[in-house]
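Below: one structure, written as structure tokens.
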Number of protein chains: 2
Amino acid sequence: MNTLSYGLLSLLTRNSRTGYELTQNIQPFWQAKHSQIYPLLAQLEQKGYVEFVHVPQSDKPDKKVYSLTDNGREALQQWIAQPTDEPVVRDELALKVFCIGLVNKEQALKVLHEREVYYQKKKEKFAQSFERIKQDSVKPLEELEIHDPLFGLYVLIQKATLKIDADLVWCEWMKTKLK
Amino acid sequence: MNTLSYGLLSLLTRNSRTGYELTQNIQPFWQAKHSQIYPLLAQLEQKGYVEFVHVPQSDKPDKKVYSLTDNGREALQQWIAQPTDEPVVRDELALKVFCIGLVNKEQALKVLHEREVYYQKKKEKFAQSFERIKQDSVKPLEELEIHDPLFGLYVLIQKATLKIDADLVWCEWMKTKLK
DNA sequence: TAGATCATGTAAGCCGTTACATGATTAG
DNA sequence: CTAATCATGTAACGGCTTACATGATCTA
């Protein structure tokens, strides 16, 4: 059981989902392609952590809708109690910035600007997710508590927003340095 | 040429370094083990981007001190001008938080506390790096400009500090949510 | 005397990306 | 008419981790 497998189980605590949906939904938390997810789902099914129903469709391809079993839920609870791996961050930009003195200010600003645009788009996406769960929630988000179904997603969006704001502050600060 | 290879060249713009030192020095920016680095250095040498001198030592094992060639410096400049890959972040904690409602508040706080301690230690390390380059620098750090040798490292420490502070703010906020 | 540090290297295996493969519907 | 979306799967390859291998000095 690798970390991604637990991630798939985590998503299934909220809803039943297809492999296709899981591939999309896990992206904000863990980058993975469908070619990695489908074999893992087959393994999880063999272990009895998930089960699926085959749903034939006429207009679109047939699909398998996966849901979490009781065994799967127990495995998740045990996983949460285990020590958590340290986060892994690999950012090509950091390596470029380290030796940014090799190029002139104009080129450096170009590199930075590309990343700033990326951060702004990401911020926009998080804002949209925030609006979406605001609509879905029965209570105001600030009142959500640990056992409310949207709690985890809500606090993760907060985390992501805080970090992206830090990134944008740094971008602004860098622009003053490169003028 | 993968990203890590360029990262090794980046470090060599500042100093000549051994494979052992490169392995340690690249950790804050790109996690990689020596078993990955040594073969890459051999490749970089074959491509003519780095060269090394064999330095025999009596008390410690002999070492190879690598330095950047003119070809290597040119390769770096071209790399900087290419579009930058998006950052990859894989954090097991995010997956756990998504389904944190499966456990009680006490257990959730334990998971969070473990991570908070990790963030605090990281913050301490960045503060030390900051002090070190403050000592090494001929000018006050705020006056460093793009072509100063410590500029890249200085702005990277600023970036890391801003992000870690965001992480710590989130941890504090989460504690209020779980009380 | 056990473990950390310095120092380099190879081998096996898992993790993740890219590419191959199929095929219907819908939007621009 | 082309591209995107839905939907699942396999194969090949490159990236990264763990383990194997060696060996001296220094610290607790």
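Proteins get letters first, then strands, A, B, ... in listed order; numbering begins at 1 in each.
Using a 4.0 Å heavy-atom criterion, one finds that A/Glu21 contacts no nucleic acid atom at all. Among the heavy atoms of the strands lying under 4.0 Å from B/Ala32 are primed sugar atoms or P, OP1, OP2 only; no base atom is included.
Distance alone, capped at 3.5 Å, places no donor-acceptor pair between the A/Gln36 side chain and the A/Ala32 backbone. A donor-acceptor contact shorter than 3.5 Å links the side chain of B/Thr69 to the backbone of B/Gly72. For B/Gln27 (side chain) and B/Thr23 (main-chain N/O), a donor-acceptor pair under 3.5 Å exists by modelled atom type. Not one N or O on the side chain of B/Ser5 forms a donor-acceptor pair closer than 3.5 Å with the backbone of B/Met1.
In terms of phosphate contacts, A/Trp30 brings no side-chain nitrogen or oxygen within less than 4.0 Å of OP1 or OP2 of C/dC15.
The local environment of NE2 in A/His113 is sparse, with at most 12 non-hydrogen atoms from other residues, nucleotides or ligands closer than 6.0 Å. For NZ of B/Lys105, the number of neighbouring non-hydrogen atoms (other residues, nucleotides, ligands) closer than 6.0 Å is greater than 12. Around atom CD of A/Glu131, more than 12 heavy atoms belonging to other residues, nucleotides or ligands sit under 6.0 Å away.
From the 5' end on, the contacts that DNA chain D makes with chain A at under 4.0 Å to a non-hydrogen atom open and close at D/dT5 to D/dT17.
Comparing B/Ser35 and B/Arg90 against DNA chain C, the residue whose closest nucleotide sits nearer the 5' end is B/Ser35.
In this structure, NE2 of B/His34 is placed 14 Å from C1' of C/dT5, rounded to the nearest angstrom. C/dG13 atom C1' lies 14 Å from atom CD of B/Gln36, rounded to whole Å. Atom P of nucleotide C/dC14 and atom CD of A/Gln43 are separated by 10 Å, given to the nearest angstrom. Rounded to whole Å, the distance from CD on A/Gln31 to C1' on C/dT17 is 12 Å.
Listed by residue number, B/Gln57, B/Lys60, B/Pro61, B/Asp62, B/Lys63, B/Lys64 are the residues of residues 55-64 of chain B with a heavy-atom contact under 4.0 Å to DNA chain C.
Side chains of B/Lys96 and A/Thr84: a donor on one and an acceptor on the other come within 3.5 Å.
Ring pair A/Trp79/A/Tyr6 is parallel by interplanar angle, where below 30° counts as parallel and above 60° as perpendicular.
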